[in-house]
2 protein chains.
Amino acid sequence: MGATKTEHFTDAQNQIATIAKALGHPARIAILEYLLKVNECICGDIVNELPLAQPTVSQHLKELKNAGIIKGNISGNSICYCIDEKAIEILNTYFLNINQNLLKSKCC
Amino acid sequence: MGATKTEHFTDAQNQIATIAKALGHPARIAILEYLLKVNECICGDIVNELPLAQPTVSQHLKELKNAGIIKGNISGNSICYCIDEKAIEILNTYFLNINQNLLKSKCC
DNA sequence: ACTTTATATCGTAATATTGCAATATTAAAT
DNA sequence: ATTTAATATTGCAATATTACGATATAAAGT
């Protein structure tokens, strides 16, 4: 008990859930929005932006990276992070599709 | 320690994170997709659909409801669940906006 | 009134997440 | 070579989530 039963669900369902889960924390939403704003990929700046300690930010970045939401490239001393378009596009098409199907009918 | 520092983030950031978090589990994605398919709002059927015990499903439904993703209406003996368009639309516009802003430039 | 059916809640074990201090790693700068 | 700067990892405490058996609740059928 206690662990999510991922094996009982489809790959597609697990994929969406994984991406959604990674975005299920305000700090990670804040990171996404900051990366969107500054466009260029910074890392130490993110630590300065957020009200969290450096190891905590590093951990959040790792989770976003594992979910495919951001990319990190070594740039000399520091590491350049940026948004990975693919994950956002997956979410985008997914919810757009749901929204369109919803418009066709109502219930309750 | 251990608890999310929601108070340090904006309401908008917390709202998106809350909705995303609720969708961050394959069972809840499966529920969303089932409700989308059957359109009419059933509940016991969801229990039959999912590979999880009834209390577990009930708990997932509660979380989806708390996040505003589904609605539940009493219908005599049983309870009729259905997707709440509002939350989906919030996600939809949010990620559409991010996607559009991303197209304007690349990095890394 | 009693039973059945449908759903929710409680209690609890297993596991996962959050956050951070301390420490490690790695590359640049001196 | 040593120091500095940037980031990651480790270890751990606090908290949250996941799952389910047992039980409660509430309406419908008998």
Side-chain angles (χ1 to χ4, degrees), chain A residues 1-9 13-14 17-31 34-35 40-67 70-82 108, chain B residues 1-9 13-14 17-31 34-35 40-67 70-82 108:
Chain A
M1 284 178 238
T4 297
K5 293 185 161 182
T6 46
E7 68 276 11
H8 293 316
F9 301 98
Q13 286 168 342
N14 281 313
T18 300
I19 300 173
K21 189 178 184 179
L23 293 174
H25 193 291
R28 296 194 286 267
I29 292 292
I31 291 172
Y34 183 72
L35 282 175
E40 303 270 68
C41 318
I42 307 137
C43 179
D45 287 354
I46 298 173
V47 175
N48 291 334
E49 267 293 296
L50 297 189
L52 296 167
Q54 179 267 320
T56 308
V57 172
S58 195
Q59 199 174 267
H60 283 307
L61 287 170
K62 195 180 176 183
E63 271 173 82
L64 286 168
K65 202 174 159 191
N66 286 343
I70 63 173
K71 292 182 284 192
N73 288 63
I74 297 168
S75 164
N77 205 10
S78 55
I79 289 176
C80 167
Y81 280 107
C82 61
C108 288
Chain B
M1 285 178 236
T4 298
K5 292 185 160 183
T6 46
E7 68 277 11
H8 293 316
F9 302 97
Q13 286 168 342
N14 281 313
T18 299
I19 299 174
K21 189 178 186 180
L23 293 174
H25 191 291
R28 294 194 288 267
I29 292 293
I31 291 171
Y34 183 71
L35 282 175
E40 304 270 67
C41 318
I42 307 137
C43 177
D45 288 352
I46 298 173
V47 175
N48 291 334
E49 266 292 295
L50 296 189
L52 296 168
Q54 180 267 320
T56 309
V57 172
S58 194
Q59 201 173 265
H60 283 307
L61 288 170
K62 194 180 176 184
E63 270 173 82
L64 285 169
K65 202 174 160 191
N66 285 343
I70 63 172
K71 292 181 284 190
N73 288 63
I74 298 169
S75 164
N77 205 11
S78 55
I79 289 174
C80 167
Y81 278 106
C82 62
C108 287

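Letters A, B, ... are given to chains in the order of the sequence lines, protein chains preceding strands, and every chain is numbered from 1.
Across every non-hydrogen atom of B:Leu64 and B:Ala22, the tightest pair is CD2-O, 3.9 Å. Across every non-hydrogen atom of B:Ile79 and B:Cys43, the tightest pair is O-CB, 3.1 Å. A:Ile31 and A:Leu61 get closest at one heavy-atom pair: CG2-CD2, 3.9 Å.
Mapping A:Asn77 and A:Ala27 onto DNA chain C by nearest heavy atom places A:Ala27 at the nucleotide closer to the 5' end. Residue order along DNA chain D, read from the 5' end via each residue's closest nucleotide, puts A:Gly44 first among A:Gly44 and A:Thr6. The nearest heavy atom of DNA chain D to A:Lys5 and to A:Cys43 marks one nucleotide each, and the one closer to the 5' end goes with A:Cys43.
Taking only distance into account, the side chain of B:Gln59 never meets the base of C:dA8 through a donor-acceptor pair shorter than 3.5 Å. Side-chain N/O atoms of A:Gln54 and base N/O atoms of D:dA8 include a donor-acceptor pair closer than 3.5 Å.
Out of D:dC20, C:dC20, D:dA26, the shortest distance to the side chain of B:Ala53 is found at D:dC20. Taking the side chain of B:His60 as heavy atoms from C-beta on, and the options C:dA28, D:dA19, C:dT18, the nearest nucleotide is D:dA19. The side chain of A:Ile79 approaches D:dA8 more closely than any other nucleotide in the set C:dT7, D:dA8, C:dA27. Here C:dT9 is the nucleotide among C:dA6, C:dT9, D:dA8 with the atom lying nearest to any side-chain atom of B:Ser58. The side chain of A:Lys21 lies closest to C:dT17 when the candidates are C:dA6, C:dT17, C:dA8. Checked against D:dG21, C:dT15, C:dT5, the side chain of B:Pro55 finds its nearest nucleotide in D:dG21.
Contacts of A:Thr4 with the nucleic acid, taken as non-hydrogen atoms under 4.0 Å apart, involve only primed sugar atoms and P, OP1 or OP2. When heavy atoms are screened at a 4.0 angstrom cut-off, B:Glu63 is found touching the sugar-phosphate backbone but no base atom. Among the protein residues, A:Leu52 comes within range of the sugar-phosphate backbone only, with heavy atoms under 4.0 Å from sugar or phosphate atoms but none that close to a base. Among the protein residues, A:Lys65 comes within range of no part of the nucleic acid, since none of its heavy atoms lies under 4.0 Å from any strand. Heavy atoms of B:Thr56 sit under 4.0 angstrom from at least one base atom.
Here C:dT9 presents its P atom at 11 Å from CG of B:Leu61, a figure rounded to the nearest Å. Between B:Ile74 atom CD1 and D:dT25 atom C1' the separation is 12 Å, expressed in whole Å. Summarising the geometry, the separation between CG on B:Asn73 and C1' on D:dA27 is reported as 16 Å, rounded to the nearest angstrom. Rounded to whole Å, the distance from CG on B:Asn66 to C1' on D:dA16 is 15 Å. Residue A:Leu50 contributes atom CG, which lies 10 Å from atom P of C:dG19 at whole-angstrom precision. One can place CG of B:Leu23 at 12 Å from P of D:dT18, the figure rounded to the nearest angstrom. Atoms CD (B:Glu49) and C1' (C:dT7) sit 18 Å apart, rounded to a whole Å. To the nearest angstrom, P of D:dT18 lies 13 Å from NZ of B:Lys62.
Of the possible polar contacts, none joining the A:Ser58 side chain to the A:Gln54 backbone as a donor-acceptor pair under 3.5 Å is found.
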Assess the residue pair B:His60 and B:Ile46 against the criterion (side-chain contact (heavy atoms from CB on, under 4.5 Å)); give the C-alpha distance rounded to whole Å, side-chain angles, the decisive distance to 0.1 Å, and a yes or no.
CA-CA 11 Å; B:His60 283 307; B:Ile46 298 173; over 6 Å; no

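Between A:Phe9 and B:His25, the ring-plane angle classifies as perpendicular under the 30° and 60° cut-offs.
At the phosphate of C:dA8, OP1 or OP2 sits under 4.0 Å from a side-chain N or O atom of B:Tyr81.
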